[in-house]
Novice: 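Provided herewith is a single structure, encoded as structure tokens, for subsequent inquiry.
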Amino acid sequence: MVGRVCEMWREMKGITAMVVVQIATAGLNILFKLVVEDGMEPRVLVAYRLFFATLFMLPLSFIFQRKKRPEFTWSLFLLAFLSGLLGAVIPSILTITGLALTSATFTSAAAVLSPLITFILAAFLRMESVRFGSSEGKAKVFGTLFGVGGALVFIFYRGKDIHLWSTHVDLVKQPRDSSRDATNHHISILGALLIFGGNLSYSLWLLLQVKVSKRFGGPYWNATLMNMMGSIVAVLVALCWNIDLKEWKLGWNIRLLTIAYAAIVISGMVVAVNAWCVESRGPLFVSVFSPVGLVIVALVGSFVLDETLHIGSIIGTVVIVGGLYLVLWGKNKEMKIITTTSDFIEPNKTSKDITLNNLPTLSSASVP
């Protein structure tokens with residue numbers, strides 16, 4: 001009974017953490033859209049974001065995880081460099097650049113492809129078990145597909161307009177160009193490809209975390225090292241891009257607010273929470289929550305960016321939530337099966353059973 005309560009509490013912590021992460025990320029997408037419309041260079045924005053995130057996370061790492069400080073070796077720095085490249089620099093630059101060519105709603109909708117990308121990569125690399133013949137395997141596959149399908153319905157099926165608010169606030173304050181309005185289904189192909197590339201890089205980072213997160217000493221050190229190495233790369237990229245030094249000037253405006261929010265809330269706190277969830281619940285568990293951010297951005301964007309919702313938004317939301325429930329149900333059932341199997345194997349282990357030690361690795365999300 002106690003064990004079941006502990007498991008339910010652990011599950012609720014993970015779900016709550018990821019919902020908060022999606023709310024925070026949704027806010028970032030809105031701010032990014034505003035700041036790129038204000039004319040800020042995306043590479044400078046990413047460099048500032050990662051630099052200030054490092055300054056914010058470094059003291060927290062010493063305060064809360066001093067005893068877990070990793071041993072600094074060349075191997076560790078190489079892994080931190082790879083983590084910063086895949087998890088911070090590439091996704092941020094590609095996504096922000098693509099956001100300038102599309103919209104906040106489309107960017108969030110495209111992010112829902114992350115579960116499918118992560119699942120395919122994890123299955124191909126034998127880091128995630130499929131077991132399509134089992135009920136939990138089918139739930140994971142169809143749940144992920146439903147989530148992606150719901151996002152596609154959300155963004156590509158218009159239907160009747162829905163006006164949730166009697167008044168609208170358009171913070172962009174620029175003439176609307178219907179050719180760039182995602183609600184009219186006219187989006188930049190280049191922008192879509194850039195955003196897709198950012199999602200692919202993020203999925204690779206999630207899988208990398210499964211293998212290397214413990215070597216970083218803990219989620220705080222993980223986020224600190226990733227932001228530190230990422231900031232170095234981002235600054236070099238921005239400087240090599242021949243950007244005017246005037247672009248680096250900051251004032252008390254939306255640019256400073258976006259950088260502070262992105263650095264402290266996203267690159268700092270959210271990265272640490274994501275690393276903890278990947279280590280405790282697995283990469284697919286983290287990625288399937290991206291549809292929640294899509295719904296939040298669509299609702300907020302309909303109010304502050306004057307983006308019109310449609311009947312397709314409602315249908316897509318229902319499909320997304322249904323797919324999310326299927327995946328979580330499948331993951332929960334799979335965890336119970338593997339936990340039971342591990343408990344049975346441990347006291348009766350033989351040389352023939354040693355190969356079963358790889359079971360948690362093949363399904364990383366099953367590791368509690």
Novice: Evaluate K13 against W276 for side-chain contact (heavy atoms from CB on, under 4.5 Å), listing each step before the verdict.
Specialist: CA-CA 11 Å; K13 284 198 302 182; W276 172 78; 4.3 Å; yes
Novice: Going by heavy atoms in the side chains, are F51 and V235 under 4.5 Å from each other?
Specialist: no
Novice: Do V20 and L206 sit in one hydrophobic cluster, given that two such residues count as connected whenever their side-chain heavy atoms are within less than 4.5 Å of each other, even indirectly?
Specialist: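 No.
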Novice: Test side-chain contact (heavy atoms from CB on, under 4.5 Å) on Y261 and I266; report intermediate values, then the result.
Specialist: CA-CA 7 Å; Y261 183 89; I266 306 299; 4.1 Å; yes
Novice: Going hydrophobic residue to hydrophobic residue with side-chain gaps under 4.5 angstrom, can you get from L78 over to V89?
Specialist: no
Novice: Let me confirm one number: the OG-CG distance from S83 to L204, rounded to the nearest 0.5 Å.
Specialist: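 Going from OG on S83 over to CG on L204, the span is 11.5 Å.
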Novice: Applying side-chain contact (heavy atoms from CB on, under 4.5 Å) between L94 and each of I96, T97, I90, report the one that passes.
Specialist: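 Exactly one pass, corresponding to I90.
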Novice: Taking the inter-plane angle between the rings of F72 and W221 on a 0 to 90° scale, is it parallel (under 30°), tilted (30 to 60°) or perpendicular (over 60°)?
Specialist: perpendicular
Novice: Shortest non-hydrogen contact from G39 to E247?
Specialist: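 The answer is O-OE1, 4.1 Å.
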Novice: Give the minimum heavy-atom separation between P91 and L86, together with the two atoms involved.
Specialist: CG-O, 2.9 Å
Novice: For the side chain of S92 and the backbone of V46, is there at least one donor-acceptor N/O pair under 3.5 Å apart?
Specialist: no
Novice: Does some side-chain heavy atom of I259 sit less than 4.5 Å from a side-chain heavy atom of M40?
Specialist: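 Sidechains of I259 and M40: in contact.
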Novice: At their closest point, which heavy atom of L76 faces which heavy atom of E71, and how far apart are they?
Specialist: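 In terms of heavy atoms, the two residues are closest at CD2-O, 3.4 Å.
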Novice: Start with the C-alpha gap between N222 and Q209, add the side-chain angles, then the distance that decides, and say whether side-chain contact (heavy atoms from CB on, under 4.5 Å) holds.
Specialist: CA-CA 9 Å; N222 192 338; Q209 289 298 298; 2.5 Å; yes
Novice: What are the two closest heavy atoms between T95 and G198, and how far apart are they?
Specialist: OG1-CA, 4.1 Å
Novice: Please walk me through it: do V297 and T25 pass side-chain contact (heavy atoms from CB on, under 4.5 Å)?
Specialist: CA-CA 9 Å; V297 168; T25 305; over 6 Å; no
Novice: Answer with yes or no whether the side chains of S75 and R215 bring together a donor and an acceptor at under 3.5 Å.
Specialist: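 Per modelled atom types, R215 and S75 side chains form a pair under 3.5 Å.
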Novice: Just how far is it from atom CG of L45 to atom CG of D38, taken to the nearest 0.5 Å?
Specialist: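 Going from CG on L45 over to CG on D38, the span is 11.0 Å.
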Novice: For residues V44 and W252: do they belong to one hydrophobic cluster (side chain heavy atoms under 4.5 Å, members Ile, Leu, Val, Met, Phe, Trp, Tyr)?
Specialist: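 Yes.
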Novice: Got a second to check how far F56's CZ is from N227's CG, nearest 0.5 Å?
Specialist: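 That separation rounds to 10.5 Å.
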Novice: So how far is it from I93 CD1 to E41 CD, rounded to the nearest 0.5 Å?
Specialist: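 Going from CD1 on I93 over to CD on E41, the span is 9.0 Å.
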Novice: Starting at CG of L257, measure out to CG of L250 and round the result to the nearest 0.5 Å.
Specialist: 12.0 Å
Novice: Is there a donor-acceptor contact under 3.5 Å from the side chain of Y48 to the main chain of W248?
Specialist: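 Side chain of Y48 to backbone of W248: a pair is present.
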Novice: Run through M229, M228, M226 and flag the one making a side-chain contact (heavy atoms from CB on, under 4.5 Å) with F81.
Specialist: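 When side-chain contact (heavy atoms from CB on, under 4.5 Å) is applied between F81 and each of M229, M228, M226, only M229 qualifies.
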Novice: Taking a hydrophobic cluster as the set of Ile, Leu, Val, Met, Phe, Trp and Tyr residues connected by side-chain heavy atoms closer than 4.5 Å, whether directly or through intermediates, do Y220 and I63 fall within one such cluster?
Specialist: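 In one cluster with Y220: I63, yes.
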Novice: Answer yes if the side chains of R69 and S61 hold a donor-acceptor pair under 3.5 Å, and no otherwise.
Specialist: no
Novice: Tell me every residue that passes side chain to side chain contact (heavy atoms under 4.5 Å, CB included) with L190, counting only those two or more places apart in sequence or in another chain.
Specialist: L101, S188, L194
Novice: When rounded to the nearest 0.5 angstrom, what distance separates CD1 in I264 from CZ in F52?
Specialist: 9.5 Å
Novice: Might you point out which heavy atoms bring A24 and V270 nearest each other, and give the distance in Å?
Specialist: CB-CG2, 4.1 Å
Novice: Do V21 and C277 touch side chain to side chain, with heavy atoms closer than 4.5 Å?
Specialist: no
Novice: Of the non-hydrogen atoms in A47 and A234, which two are nearest, and what is the gap between them?
Specialist: CA-CB, 3.7 Å
